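Basis for what follows: all heavy atoms, side chains included, without hydrogens, waters or symmetry-related copies. This one's a predicted model, so the numbers in the text were calculated from it and none came from an experiment.
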Amino acid sequence: EHRAGLPGRGFRANTVKGYKTTRNAVAEWVDTLPGGMTVPEYNTSAHDALIGWLREEKGHGQNTIAGMVKHSKPFLTWAKESRGQMLAVDPSKLPVEWEDVEKCWLTADELAAVAKAMLPSNLALVRDAFVFCCYTGLRYSDLSDLHPGNLSDWKGGKVLRLT
């Protein structure tokens, strides 16, 4: 129910998908607990256990875990404020700890090599989308939202127009 309301509050489809991924991971963890767990039973010990399970059992990295905690906080606040559930934990006190990750970029030669790479037909479209995103600076989520209405005529050709 919480996820169903996200698009109406302006959340994009890929963000809603991230919330669903978090929900599925938490549900999988709850299934491992004898007797399960309800939202009001979720406390700091349970939170620590979930984080440990995500790291140890699922092999998630720190930024994936931080994203899941980031998604859990608004859900818990919603459960308290919209559903009147008494919580054993204050969502605002759950730490979201991001890890700095070294960013790297492809050189022009490397990008050209990727663009020319011979791939199986089922991967060629993925390569083309990746290269297009590199050249335009679009995220994949922006690319997936493009439609013919984003093209405009300009000086005898077509240009991409984002609204």
List the atom pairs, donor and acceptor, that lie under 3.5 Å between side-chain atoms in residues 60-70 and the rest of the protein, sequence neighbours left out.
residue, atom, partner, partner atom, Å
Gln62, OE1, Arg55, NH2, 2.4
Gln62, NE2, Glu97, O, 2.8
Asn63, OD1, Glu99, N, 2.6
Asn63, ND2, Glu99, O, 3.0

Under 3.5 Å, which donor-acceptor pairs do the side chains of residues 128-138 form with other protein atoms, sequence neighbours left out?
residue, atom, partner, partner atom, Å
Thr136, OG1, Phe132, O, 2.9
Thr136, OG1, Leu138, N, 3.3

Ignoring hydrogens and angles, write down the donor-acceptor pairs under 3.5 Å from the side chains of residues 107-116, residues two or more places apart or on other chains.
residue, atom, partner, partner atom, Å
Thr107, OG1, Glu110, N, 3.0
Thr107, OG1, Glu110, OE1, 3.4
Glu110, OE1, Thr107, N, 2.7

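Every residue two or more places apart in sequence or in another chain that forms a side-chain hydrogen bond (donor to acceptor under 3.5 Å, both in side chains) with Lys58 is listed here: Glu28. With sequence neighbours excluded, no residue forms a side-chain hydrogen bond (donor to acceptor under 3.5 Å, both in side chains) with Gln85. Scored by the side chain to side chain contact (heavy atoms under 4.5 Å, CB included) test, Ser144 finds Asn14, Tyr140 as partners (sequence neighbours excluded). Partners of Asp100 under the salt bridge (charged side-chain N to carboxylate O under 4.0 Å, His left out) rule, at least two apart in sequence or in another chain, do not exist in this structure. Residues that satisfy the side-chain hydrogen bond (donor to acceptor under 3.5 Å, both in side chains) test with Asp145, not counting sequence neighbours, are Arg12. Partners of Asp153 under the side-chain hydrogen bond (donor to acceptor under 3.5 Å, both in side chains) rule, at least two apart in sequence or in another chain, are Lys158. With sequence neighbours excluded, no residue satisfies salt bridge (charged side-chain N to carboxylate O under 4.0 Å, His left out) with Lys20. Partners of Glu41 under the salt bridge (charged side-chain N to carboxylate O under 4.0 Å, His left out) rule, at least two apart in sequence or in another chain, do not exist in this structure.
Distance alone, capped at 3.5 Å, places no donor-acceptor pair between the Arg3 side chain and the Arg23 backbone. A donor-acceptor contact shorter than 3.5 Å is absent between the side chain of Lys80 and the backbone of Met86.
Taking CG of Asp142 as the start and CG of Asn150 as the end, the distance is 10.0 Å to the nearest 0.5 Å. Between the CG atom in Leu151 and the CG atom in Leu146 there is a gap of 8.0 Å [rounded to 0.5 Å]. How far CE of Met37 is from CH2 of Trp29: 4.0 Å, rounded to the nearest 0.5 Å. Here CH2 of Trp53 is found 15.5 Å from CG of Asp48. Values are rounded to the nearest 0.5 Å. For the atom pair CG of Leu87 and CD of Glu81, the computed distance is 9.5 Å after rounding to the nearest 0.5 Å. Note that CE of Met118 and CG of Leu123 are 12.5 Å apart. Values are rounded to the nearest 0.5 Å.
Looking at heavy atoms from C-beta onward, Val26 lies out of side-chain contact with Phe75 at the 4.5 angstrom threshold. With a 4.5 Å cut-off on side-chain heavy atoms, Tyr42 and Leu50 count as touching.
In terms of hydrophobic clustering, with Ile, Leu, Val, Met, Phe, Trp and Tyr side chains grouped at heavy-atom distances under 4.5 Å, Trp78 and Val39 are assigned to a common cluster. Follow the hydrophobic side-chain contacts under 4.5 Å out from Val89 and you reach Leu33 in the same cluster.
Through direct or relayed side-chain contacts under 4.5 Å between Ile, Leu, Val, Met, Phe, Trp and Tyr, Val126 connects to no other residue.
Ring orientation note: the planes of Tyr19 and His2 are tilted relative to one another, at an angle of 30° to 60°.
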